[in-house]
Amino acid sequence: MPTGNVASVSDESSLTLPAERSSLRPMNTEIRDLATLVGQTVTLRGWVHKLRSSGKIAFLVVRDGTGMVQVVCARNDLDDAAWAAVGELDYEASLEVEGEVKQDERSPGGVELLAGDVRLVGASSDYPIQPKEHGIDFLLNHRHLWLRHGRQRAILRVRDEIIHAIREFFYERDFTLIDTPILTGSIGESAGTLFETEYFDLGTAYLAQTGQLYLEPAAAALGKVYCFGPTFRAEKSKTRRHLTEFWMVEPEVAWLDSDGNMALQEEFVCAIVSRVLDRRRAELVELDRDITRLEAIVPPFDRMSYSDAIEILHERGSDITWGADLGAEDETLLTEGREKPLFVFDYPREAKAFYMKENAADPRTVKCNDMLAPEGYGEIIGGSQREDDHDKLLKRIREEGLPEESYDWYLDVRRYGTFPHSGFGLGLERTVSWICGLDHLREAIPYPRMMNRLSP
RNA sequence: UCCGGGGUAGCUCAGUGGCCAGAGCGGGUGGCUGUUAACCACUAGGUCGAGGGUUCGAAUCCCUCCCCCGGAGCCA
């Protein structure tokens, strides 16, 4: 790949389709190609990223999505119309520049464009985001513009890479993608956190908070399946680890037990991290991510039972009692000093969802696990072997006070050829956040939805 | 929902009882042919979150409400 454009490394895709195979033929030269075009006259289109003017000479840094380059506009090289156009430019104006690609040591990166003609395409004035510190509320109010800036572009590209890694991982292992519904009847993990909406004559519909219950029947049809899409939780959470709309990938595998489930999770997370390290290293550098922390993410991950975790927590001064779910502080105590994710498995039944399989060795617990990411990123995966005994599952549904009639079709999976099966859910934004080293989930998704944010 | 911090110019903030409320950045005008968050000069810009109260006098003290940030719980 060409090098030398201003900060352009982070904008280059490492997976570009050869031009002759693509029907997408840009009208103009892309900035990432400039280093191979020294001496030639080209036309660029893009946006003014930075701008400095010195009377009879102006320096623009132009961004086109493939890279950035400094454009030098000298009065003597331009006609009156072009020079007037330069005078009208401001941050984020769009423009068309024709000029000669030059090698120049004074230019950051060594290549610049000496403008011969400049045309203003779309003016921009009083662009709100300045090259200085801004408050998070202001930035989120301008999220649609904030996306244009360096860190955000890097995050979006890492997110995209992770999504590709996820789909490729499952495709390569013969999983079938099952798209589960977003509008559902009252079915999910627990009431009280569902978004509601009117649904014709059928009363209330709810936005899905998991695809799992729809996935289990599909596992009986296809063996290995997964779903990947947005899910919704109406929890009034105000923390760096929660969004009301987030993306979750959920595999479900027939004939897989809890131990195998953890092995799958370990392989999965390692594959994601490894692919980002392979293909998005420049973005990680732009994000100031400590790459050695990611390079340490290789199998195996330690596995610790919930009961052992409680003992360790007691040793470390916690007063948690057996039976309670682990809190944020407990997770921190357990993952402190670890460089890899940690599995905690076999939680108490009361702390977990109704569909998790009872543990034969200790019926107070269920066959489940969480995966806790290092560096304080907390739970990125929750998984379990599912209860495959019809009567035990029905009993649990009744104990939880869930509407039995809503789960009738779900119980059919146990009525007609029940089978051991397991699965898990990985939160995409938490994973993006961890891999990018972000301090809040809201930057890990293009348009975050939170308790008090629905716009833009 | 609970606990803590905050709301002053477009942005980031200073100002904690007393002249017409300040700075930097941004905006405008002028200058500058090698700038790197360019620089220099001049300039415009405010319902001090809202409402009520105390006081001779309130951005500053008190009450109510609204909004934002951080944390907890819940979870991915």
Side-chain angles (χ1 to χ4, degrees), chain A residues 6-7 49-61 68 70-78 83 86 90-91 102 104-109 112 114-115 125-142 149-150 188-193 209-212 228-250 265 269 324-332 347 351-353 369-373 377-383 424-434 439-442 444-445 450-453:
Chain A
V6 180
H49 190 72
K50 285 182 182 166
L51 172 67
R52 288 175 291 276
S53 166
S54 292
K56 299 290 190 295
I57 189 168
F59 302 90
L60 320 172
V61 175
M68 293 204 257
Q70 173 161 285
V71 175
V72 182
C73 305
R75 177 65 185 98
N76 290 344
D77 298 335
L78 297 170
W83 184 247
V86 171
D90 205 342
Y91 288 114
K102 291 191 68 175
D104 194 315
E105 283 170 12
R106 291 170 297 182
S107 183
E112 62 184 20
L114 190 59
S125 62
D126 299 325
Y127 183 72
I129 300 178
Q130 300 174 30
K132 59 173 279 194
E133 289 278 311
H134 289 289
I136 189 63
D137 191 43
F138 177 84
L139 288 171
L140 287 176
N141 285 335
H142 296 85
H149 296 255
E189 298 192 7
S190 60
T193 59
Q209 54 177 202
T210 171
Q212 182 203 320
F228 188 15
T231 49
F232 306 87
R233 308 265 167 105
E235 291 155 358
K236 292 190 172 178
S237 300
K238 283 188 67 174
T239 81
R240 65 183 67 195
R241 294 216 304 276
H242 291 87
L243 298 169
T244 53
E245 176 179 317
F246 66 97
W247 281 60
M248 184 157 66
V249 53
E250 298 176 276
Q265 292 165 40
V269 167
D325 205 354
L326 303 181
E329 211 171 297
D330 304 312
E331 289 184 0
T332 306
Y347 282 70
K352 290 291 172 181
N369 75 272
D370 286 349
M371 185 195 287
L372 308 179
Y377 282 93
E379 184 181 344
I380 55 171
I381 285 181
F424 62 89
L426 172 132
L428 177 64
E429 288 75 18
R430 287 187 181 178
T431 305
V432 171
S433 189
W434 166 48
D439 58 16
H440 201 298
L441 241 47
R442 62 194 163 206
I445 187 167
M450 294 176 290
M451 197 178 132
N452 42 27
R453 184 165 296 280

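Chain A is the first sequence line, chain B the second, and so forth, proteins listed ahead of strands; every chain is numbered from 1.
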Requested in this report: Assess whether one donor atom and one acceptor atom, taken from the side chain of A/His242 and the base of B/C75, lie less than 3.5 Å apart.
Outcome: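 Result: at least one qualifying N/O pair found.
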Query raised in the report: Within the pair A/Arg442 and B/G70, is there a side-chain N or O less than 4.0 Å away from OP1 or OP2?
Result: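 A/Arg442 to B/G70 OP1/OP2: side-chain N or O found under 4.0 Å.
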Query raised in the report: Can you tell me if the side-chain N/O atoms of A/Asn452 get under 4.0 Å from OP1 or OP2 in B/C68?
Result: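 Yes, such a contact exists.
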Rounded distance in Å - [atom1] ([X]) to [atom2] ([N]):
X	N	atom1	atom2	result
A/Asn141	B/C69	CG	C1'	13 Å
A/Asp325	B/A72	CG	C1'	14 Å
A/Glu133	B/A37	CD	C1'	12 Å
A/Asp77	B/G34	CG	P	14 Å
A/Glu245	B/A76	CD	C1'	14 Å
A/Glu331	B/A72	CD	P	10 Å
A/Tyr347	B/A76	OH	P	10 Å
A/Leu114	B/U33	CG	C1'	12 Å

Is a side-chain donor or acceptor of [X] paired with a backbone partner of [Y] at a separation under 3.5 angstrom?
X	Y	value
A/Arg430	A/Arg241	yes
A/Thr231	A/Phe246	yes
A/Asp330	A/Gly327	yes
A/Glu112	A/Lys102	no
A/Glu429	A/Trp247	yes
A/Arg233	A/Gln209	yes

What's the gap between [N] and [M] when it is taken at their [atom1] atoms, as a whole Å value?
N	M	atom1	value
B/U64	B/A76	C1'	39 Å
B/C19	B/G15	C1'	15 Å
B/U35	B/U16	P	42 Å
B/U29	B/G5	C1'	42 Å
B/U54	B/A9	C1'	29 Å
B/A21	B/U60	C1'	12 Å
B/A23	B/U47	C1'	22 Å
B/G46	B/C11	C1'	14 Å

Report task. Under the side chain to side chain donor-acceptor pair (under 3.5 Å) rule, collect the residues that match up with A/Asn369, sequence neighbours excluded. Result ->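 A/Asn369: side chain to side chain donor-acceptor pair (under 3.5 Å) contacts with A/Gln265.
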Query raised in the report: What pairs with A/His134 under side chain to side chain donor-acceptor pair (under 3.5 Å), at least two apart in sequence or on another chain?
Result: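 None.
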Query raised in the report: side chain to side chain contact (heavy atoms under 4.5 Å, CB included) with A/Trp83: which residues, sequence neighbours excluded?
Result: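 For A/Trp83 the side chain to side chain contact (heavy atoms under 4.5 Å, CB included) partners, ignoring immediate neighbours, are A/Arg75, A/Leu78, A/Val86.
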At 4.0 Å (heavy atoms only), tell me whether [X] reaches a base, stays on the sugar-phosphate, or touches nothing.
X	value
A/Phe138	sugar-phosphate
A/Ile136	sugar-phosphate
A/Ser53	base
A/Ile129	nothing
A/Ala328	sugar-phosphate
A/Gly378	nothing

Query raised in the report: So do A/Asp104 and A/Gln70 actually touch side chain to side chain, heavy atoms under 4.5 Å?
Result: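 They are not in contact (no side-chain heavy atoms under 4.5 Å apart), so the answer is no.
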Query raised in the report: Between A/Phe59 and A/Val61, is any pair of side-chain heavy atoms under 4.5 Å apart?
Result: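 A side-chain contact under 4.5 Å is absent here.
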What is the base-pairing partner of [N], counting Watson-Crick and G-U wobble geometry with both distances under 3.5 Å?
N	value
B/G22	B/C13
B/U33	none
B/A50	B/U64
B/C2	B/G71

Report summary line: Its contact letters, B for base, S for sugar-phosphate only and - for none at protein heavy atoms under 4.0 Å, make nucleotides 23-30 of chain B read -BBSS---
Query raised in the report: Taking NZ, NE, NH1 and NH2 as the nitrogens, is one of them in A/Asp370 or A/Lys352 under 4.0 Å from a carboxylate oxygen of the other?
Result: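 Judged by the 4.0 Å cut-off on N to carboxylate O distance, A/Asp370 and A/Lys352 do form a salt bridge.
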Would you mind telling me which of [options] lies closest to the side-chain atoms of [X]?
X	options	value
A/Arg430	B/G70, B/A76, B/A72	B/A76
A/Arg52	B/G34, B/U35, B/C11	B/U35
A/Gln70	B/U35, B/U33, B/U12	B/U35
A/His440	B/G70, B/U35, B/C68	B/G70

Query raised in the report: For RNA chain B, whose closest nucleotide is more 5', that of A/Pro128 or that of A/Asp330?
Result: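 Result: A/Pro128.
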Requested in this report: Find which nucleotide of RNA chain B each of A/Trp247 and A/Gly327 is nearest to by heavy atoms, and output the residue with the more 5' nucleotide.
Outcome: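 Its nearest nucleotide lies further toward 5', so the answer is A/Gly327.
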Hey, what are the protein-to-nucleotides 1-4 of chain B N/O distances that come in under 3.5 Å?
residue : atom : partner  : partner atom : Å
B/U1    : O4   : A/Lys236 : O            : 3.3

Report task. Tell me whether A/Phe59 is stacked on the nucleobase of B/G34, counting only the six-membered base ring and applying the 5.5 Å and 30° thresholds. Result ->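 The base of B/G34 is not stacked with A/Phe59 (the test needs centres under 5.5 Å and planes under 30°).
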Query raised in the report: For A/Asp137, which residues count as a salt bridge (Lys or Arg N to Asp or Glu O under 4.0 Å) partner, sequence neighbours excluded?
Result: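 With sequence neighbours excluded, A/Asp137 shows a salt bridge (Lys or Arg N to Asp or Glu O under 4.0 Å) to A/Arg453, given in chain and number order.
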